[in-house]
Amino acid sequence: MTKQLIVANWKNHPDSLAEAVEILDSADKYLGSLSEAERFGLIFCPPFVFTEEVGKILKTSHLEHQAELGAQDISIDDKTALTGEVSGSMLCKLGVGYVIVGHSERRWKLNESNETVNKKLKAVLRNEMVPIVCIGERERDFSAEGEPASGWKDFIKKQVEATFAGLSADEVTRCIIAYEPVWAISTTPGARSDTPESAAESIFIIKEVLSKTYNLKPKTYLYGGSITSANAREFLQNNQFDGVLVGGASVNKEEFVKILATVSKIL
Ligand code: 13P
């Protein structure tokens, strides 16, 4: 099995740096108990205000060489004045290696269009970081018989085409893709977790669009949406996924360590 990847998207949590340090301490202790064979990839994406401090902590103890630094957003432009934005070159200087783009909370709650996501994706690549590109439908439509109808598939296809528009095959292969159906994200009202089989179908659609357009595929696909220690195993064992993108459970230090334990045990 290839090395699994766990990405912790802290969103706008925790409330204080002290709590962030506690999460990292717990992860550090757990990582210290692993043998070489049990290790996996781990990326922390803290809010901007903690980026520098988290970056320093990730260079210490067992986190060093076992965990990397990510960010949750990037400015579309490196030079133009844009109040409130954080540029790619700033992130690079803090040691950020990965940036989440196209997260559904930004697409739906902050009205970020495919065009903006595409510009942010290009900004990440231009600054030689790795984009973690989120793709996902807001709803699954159902037929009168209760079977999922096909509208969501077209939605995913169009979102993938628009998100990756204008990228070279080489650039697409540098991306990590995260399939995150909005209806399965823990904070969506009435959220229900997806199943690995149905999520794998979506991954198949994404792969199909990218391979048709670029004749190439990105190497890493993640699933995100209500991942906990109770369901991480089933997603990680499905061979369509190379890892998981964890939101709420990644800021609960006990629960997050349980997720890490799940990964190390199935390797
Ligand atoms: P939850 O794990 O809280 O459902 O969030 C998923 C997500 O949005 C990660 O980016």
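These numbers come from the heavy atoms of this one structure, side chains and all, not from hydrogens, waters or symmetry mates. Bear in mind that the values here come from a model prediction, so they are computed numbers and not experimental data. Order of listing sets the numbers, starting from 1, for every ligand and every atom in it.
- A salt bridge links K253 with E22; the closest basic N to acidic carboxylate O contact falls under 4.0 Å.
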Polar pairs, ligand 1 vs protein, N/O only, below 3.5 Å.
{"unit_1": "ligand 1", "atom_1": "2 (O)", "unit_2": "G247", "atom_2": "N", "d": "2.9"}
{"unit_1": "ligand 1", "atom_1": "3 (O)", "unit_2": "S186", "atom_2": "OG", "d": "2.5"}
{"unit_1": "ligand 1", "atom_1": "3 (O)", "unit_2": "G248", "atom_2": "N", "d": "2.8"}
{"unit_1": "ligand 1", "atom_1": "4 (O)", "unit_2": "S186", "atom_2": "N", "d": "2.7"}
{"unit_1": "ligand 1", "atom_1": "4 (O)", "unit_2": "S186", "atom_2": "OG", "d": "3.3"}
{"unit_1": "ligand 1", "atom_1": "4 (O)", "unit_2": "S226", "atom_2": "N", "d": "2.7"}
{"unit_1": "ligand 1", "atom_1": "5 (O)", "unit_2": "K11", "atom_2": "NZ", "d": "3.1"}
{"unit_1": "ligand 1", "atom_1": "8 (O)", "unit_2": "K11", "atom_2": "NZ", "d": "2.8"}
{"unit_1": "ligand 1", "atom_1": "8 (O)", "unit_2": "H103", "atom_2": "NE2", "d": "2.7"}
{"unit_1": "ligand 1", "atom_1": "8 (O)", "unit_2": "E180", "atom_2": "OE1", "d": "3.3"}
{"unit_1": "ligand 1", "atom_1": "10 (O)", "unit_2": "N9", "atom_2": "ND2", "d": "3.0"}
{"unit_1": "ligand 1", "atom_1": "10 (O)", "unit_2": "H103", "atom_2": "NE2", "d": "2.9"}
{"unit_1": "ligand 1", "atom_1": "10 (O)", "unit_2": "E180", "atom_2": "OE1", "d": "3.2"}
{"unit_1": "ligand 1", "atom_1": "10 (O)", "unit_2": "E180", "atom_2": "OE2", "d": "2.9"}

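- Residue E52 qualifies as open at atom CD: its count of foreign heavy atoms under 6.0 Å is 12 or below.
- Ring pair Y221/F241: centre-to-centre distance not below 6.0 Å.
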* **Check against side chain to side chain donor-acceptor pair (under 3.5 Å), E180 and S104** => CA-CA 8 Å; E180 290 208 322; S104 61; 4.8 Å; no
Can you give each donor-acceptor pair under 3.5 Å made by side-chain atoms of residues 156-167, sequence neighbours left out, with the distance rounded to 0.1 Å?
{"unit_1": "Q159", "atom_1": "OE1", "unit_2": "G136", "atom_2": "N", "d": "2.9"}
{"unit_1": "T163", "atom_1": "OG1", "unit_2": "R107", "atom_2": "NH2", "d": "3.1"}
{"unit_1": "T163", "atom_1": "OG1", "unit_2": "Q159", "atom_2": "O", "d": "2.6"}

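- Ionic pairing of E38 and K265 is not present here: no N-O contact between side-chain nitrogen and carboxylate oxygen is shorter than 4.0 angstrom.
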